[in-house]
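Worksheet: the structure to be examined is printed underneath.
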There are 2 protein chains.
Amino acid sequence: MSRVDKAAIVRAAEEVVREKGARKLTLDAVAAQCGLSKGGLIHHFRTKQSLLKAMLEAAIAREDASAETFAAAGDDVLASRLKAIFELMEDDEGLPRALIAAVAEDPALLEPVKCNVIEMRGEIDSSYGDPELAQLLILAAQGMFLGRVLGVMESEDPMFSRLRERLLMLSAELT
Amino acid sequence: MSRVDKAAIVRAAEEVVREKGARKLTLDAVAAQCGLSKGGLIHHFRTKQSLLKAMLEAAIAREDASAETFAAAGDDVLASRLKAIFELMEDDEGLPRALIAAVAEDPALLEPVKCNVIEMRGEIDSSYGDPELAQLLILAAQGMFLGRVLGVMESEDPMFSRLRERLLMLSAELT
DNA sequence: GGTAAGATACCGACCAGCCGGTTGGTTTGG
DNA sequence: CCAAACCAACCGGCTGGTCGGTATCTTACC
């Protein structure tokens with residue numbers, strides 16, 4: 001049917017952003033990265049915006065799936081969300097890059113991310129006796145995520161794992 | 001001497017990013033915004049990169065100045081940093097926009113931001129008996145900042161001020 | 001099984017507009 | 001009179017997107 005599917009194109013786009021920065025995320029570059037002509041690429045994604053949208057959706061889906069895996073393994077809402085965020089940070093492809101590219105291109109593309117965050121917030125608010133503290137733990141993890149995107153927080157840094165463990169401990173105390 | 005100074009140009013650039021998004025931060029747009037021709041703009045900032053750099057530096061300087069004001073008024077390191085971050089979030093110009101524009105254009109421009117964050121981290125690490133918890137409070141504030149940039153966290157939201165107060169309380173318990 | 005017809009995947013040349021930066025000149029302040 | 005501030009036209013390269021065509025696959029009918 002198709003030698004290259006949309007998922008492969010999205011991966012190629014992430015690769016381009018990682019290698020060359022968000023500003024160089026160009027249709028030609030993506031096409032080259034996945035061995036396609038620009039025409040071929042446009043056949044799959046009719047506009048650049050639709051490609052960016054797909055990048056964001058793929059990344060969000062990965063994060064949600066990750067959280068659900070932890071939840072299925074017995075973690076509570078907060079712990080599984082925290083672990084999902086950490087996992088997201090460790091393989092630094094995907095969402096961070098897509099986020100940057102999208103926010104640069106058109107902030108309106110962030111709508112799905114917004115929805116996702118709000119949904120998560122709702123889940124947590126209704127599950128803990130001290131919802132504000134629970135929110136703060138999530139926010140701290142997202143702060144680490146920001147540090148990662150900006151290149152300030154390295155996942156090999158011993159501080160990173162200490163903060164990570166500490167956050168999980170604090171979340172365990174909350175139940 | 002000059003009818004338009006560099007600070008005014010930086011403000012105009014922030015305005016452009018706010019109104020049209022980082023991708024539309026173009027020399028022509030900035031020139032138009034501050035009533036200058038492109039040639040005139042280039043006379044002040046010889047390249048776009050140097051303008052971006054100035055934007056970042058101005059924003060960082062604002063934040064540092066804000067933190068120092070709080071410190072001078074008697075707040076300890078953590079509280080003054082937290083308050084500075086909150087202040088940064090409330091008038092949503094400046095750093096968030098500059099950050100986005102810079103990271104999109106060339107991640108290397110983030111170096112000063114990186115230095116600033118690392119310096120802040122050092123200050124805090126050496127000032128509290130439980131440095132990790134102190135770091136987590138800062139990270140939570142930065143997480144809120146990220147939420148603001150993505151348009152998820154509104155500063156009028158009652159949740160916002162509750163989280164803010166809670167963070168300050170937690171920091172007070174730490175001394 | 002073969003094949004005609006239609007759809008889907010893909011190519012690569014091309015275009016129009018944008019954008020960073022140059023240049024050569026004019027105005028303005030001291 | 002000089003230097004700094006500023007202007008406006010211009011340029012070359014890039015980029016998103018178009019277009020007309022080819023190759024490959026599916027379907028259906030004989």
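Since we're looking at a predicted model, the values are computed, not measured. Every chain is numbered from 1, with letters handed out A, B, ... down the list of sequences.
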| query | Looking at dC10(C), dG16(D), dG21(C), which one has an atom nearest to any side-chain atom of K48(B)? | reply |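 Nearest to the side chain of K48(B) among the choices is dG21(C).
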| message | Closest approach to the side chain of S37(A), judged atom by atom: which nucleotide of dT22(C), dC10(C), dT15(D) is it? | response |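 Of all the options, the side chain of S37(A) is nearest to dC10(C).
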| request: Measure from CD1 on I42(B) to P on dA4(D) and round the result to the nearest Å. | output: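 Atom CD1 in I42(B) sits about 18 Å away from atom P in dA4(D).
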| Whole Å only: how far is the CD atom of Q49(B) from the P atom of dG21(C)? | 8 Å
| field | Sugar-phosphate, base or nothing in reach of L41(A), heavy atoms under 4.0 Å | value | nothing
| With a non-hydrogen cut-off below 4.0 angstrom, is L51(B) in contact with a base, only sugar-phosphate, or nothing? | nothing
| field | Salt-bridge contact R11(A)-E14(A) (side-chain N to carboxylate O under 4.0 Å) | value |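 Not counted as a salt bridge, because no side-chain N and carboxylate O are separated by less than 4.0 Å.
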Do any side-chain nitrogens or oxygens of [X] fall under 4.0 Å of OP1 or OP2 in [N]?
{"X": "T26(A)", "N": "dG16(D)", "answer": "yes"}
{"X": "H43(B)", "N": "dA5(D)", "answer": "yes"}
{"X": "T47(A)", "N": "dG16(D)", "answer": "no"}
{"X": "H44(A)", "N": "dC10(C)", "answer": "yes"}

| request: Taking Y128(A) for its side chain and S171(A) for its backbone only, find out whether a donor-acceptor pair lies under 3.5 Å. | output: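 Here the side-chain-to-backbone pair does not exist.
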| said: Judged by each residue's nearest nucleotide on DNA chain D, which is more toward the 5′ side, L36(B) or K38(A)? | reply: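 Final value for this comparison: L36(B).
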| When you match R23(A) and R46(A) each to their closest nucleotide on DNA chain D, which lands nearer the 5' end? | R23(A)
| said: Please identify which of these residues, E123(B), E68(B), E87(B), meets the salt bridge (Lys or Arg N to Asp or Glu O under 4.0 Å) condition with R81(B). | reply: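 The residue from E123(B), E68(B), E87(B) that satisfies salt bridge (Lys or Arg N to Asp or Glu O under 4.0 Å) with R81(B) turns out to be E123(B).
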| remark: From the list K48(A), Q49(A), R23(A), side chain to side chain donor-acceptor pair (under 3.5 Å) with E105(A) holds only for K48(A)
